[in-house]
Amino acid sequence: MDFEWLTQQSTPDLAKALLGYRLTVDETGGLIVETEAYVGVTDRTAHVFGGKKTAANQALYAPAGTVYVYRLRAYFLMNIITQVASEPQGVLIRAIEPTKGLATMAARRGQQGYNLTSGPGKLAQAMAIDLRDNSTMLNQGRIHLSSHRIKTPAAIESGPRIGVPNKGEWTTAPLRFWVAHNPYVSGMTKQQMNEQTKGWQ
DNA sequence: ATTATGATACGCT
DNA sequence: GCGTATCATAATA
């Protein structure tokens, strides 16, 4: 399991490339349909802005393929580290299309349908991701990433990241990527969804 | 279908 | 104390 290939691309390019990969934890999981890129110490919205190092964010300074999990209020959010240790950048996994363990995830969530995994806190709860997964390496712990794209998006859209206000150009930078028309992307309205193709080729 | 609002629990200063 | 890389529900149309 070697994730050096991640470092061959920029983090925004990786955020796009990871759409359609499968993410699984034990008997639950699905296809990645929405991501955000956090591009390191110059990114005012990043936890490592200005080179800040704390106990909570040290996983960001680990090599590509490491999982960074942190807590936001009552929820956990998960990222994949994308570059070498001296470049703390990562991709936040914001939504997946469930393919495995639907019943288990629905029970953990107390929700079903498109509400199952259409947001970063939701998918963490559905797959029972928490701080025990922080700093673990993909495919060596509980969290597994497929070695290639399972499905290919027919179109990829981009826009500003969610929940990072008042940070100037970093607030509006188009560093959020999603599979166009996929119903599991956060904030999708019924009219934007394509329930037949779900946005795949 | 869209918008507003309150609950939530840390980590950091 | 304060500020969050959120979510579910209720209210209005």
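Below, chain A is the first sequence line, B the second, and so on; all start at residue 1.
If you check every strand for non-hydrogen atoms under 4.0 Å, A:Leu92 touches a base. Note on A:Arg176: nothing from the nucleic acid sits closer than 4.0 angstrom, heavy atoms only. Within 4.0 Å (heavy atoms only), A:Thr45 reaches at least one base atom of the nucleic acid.
Checking C:dT4, C:dC7, C:dA5 against every side-chain atom of A:His47, the shortest atom distance belongs to C:dA5. Nearest nucleotide to the A:Ala56 side chain, out of B:dA1, B:dG11, B:dT13: B:dG11. Nearest to the side-chain atoms of A:Lys52 among the listed nucleotides B:dA1, B:dT13, C:dC7 stands B:dT13. Closest to the side chain of A:Lys122, out of B:dA1, C:dT6, C:dC7, is C:dC7.
If you measure from atom CD of A:Gln192 to atom C1' of B:dA1, you get 12 Å, rounded to the nearest angstrom. Here C:dA5 presents its P atom at 19 Å from CZ of A:Phe177, a figure rounded to the nearest Å. C:dA8 atom P lies 16 Å from atom CZ of A:Arg108, rounded to whole Å. Per the geometry, CE belonging to A:Met78 stands 16 Å off P belonging to C:dT6, to the nearest Å. For the pair A:Gln58 CD and B:dC12 P, the computed distance is 10 Å after rounding to whole Å. The interatomic distance linking A:Leu77 (CG) with C:dC7 (C1') rounds to 11 Å, in whole Å. Atom P of nucleotide C:dT4 and atom OH of A:Tyr75 are separated by 18 Å, given to the nearest angstrom. With rounding to whole Å, A:Phe76 atom CZ is found 15 Å from C:dC7 atom C1'.
Ring centers of A:Tyr70 and A:His47: under 6.0 Å apart, within the cut-off.
Judged by distance alone, the side chains of A:Asn194 and A:Thr197 do bring a donor and an acceptor atom under 3.5 Å apart.
Pairing each heavy atom of A:Asn134 with each of A:Ala59, the nearest pair is OD1-CB, 3.4 Å.
Remark: A:Arg109 is not in phosphate contact with C:dC7, judged by side-chain N or O atoms under 4.0 Å from OP1 or OP2. Taking 4.0 angstrom as the limit, A:Thr54 places a side-chain polar atom (N or O) nearer than this to OP1 or OP2 of B:dC12. The phosphate of B:dC10 (OP1 or OP2) has a side-chain N or O of A:Arg71 nearer than 4.0 angstrom. Regarding contacts with the backbone of C:dA5, every side-chain N or O of A:Lys167 stays at 4.0 angstrom or more from both OP1 and OP2. Using a 4.0 Å cut-off, some side-chain N or O of A:Gln111 falls inside it from OP1 or OP2 of C:dT9.
The closest donor-acceptor contact from the side chain of A:Glu34 to the backbone of A:Ser186 lies under 3.5 Å. Between the A:Gln192 side chain and the A:Thr189 main chain, a donor and an acceptor come within less than 3.5 Å of each other.
Along DNA chain C, the nucleotide closest to A:Gly121 and the one closest to A:Asn166 are compared, and the more 5′ of them pairs with A:Asn166. Checking A:Ala74 against A:Leu131, the closest nucleotide of DNA chain B that is more toward the 5' end is the one next to A:Ala74.
By the 5.5 Å and 30° criteria, A:Tyr70 is not stacked with the base of C:dA5.
Pairing for B:dT2 goes to C:dA11, judged as Watson-Crick or G-U wobble with the two contacts each under 3.5 Å. Pair check for B:dT8 finds none; no Watson-Crick or G-U wobble contact set falls under 3.5 Å.
Under the 30°/60° scheme for interplanar angles, the aromatic rings of A:Trp5 and A:Tyr21 are found to lie parallel.
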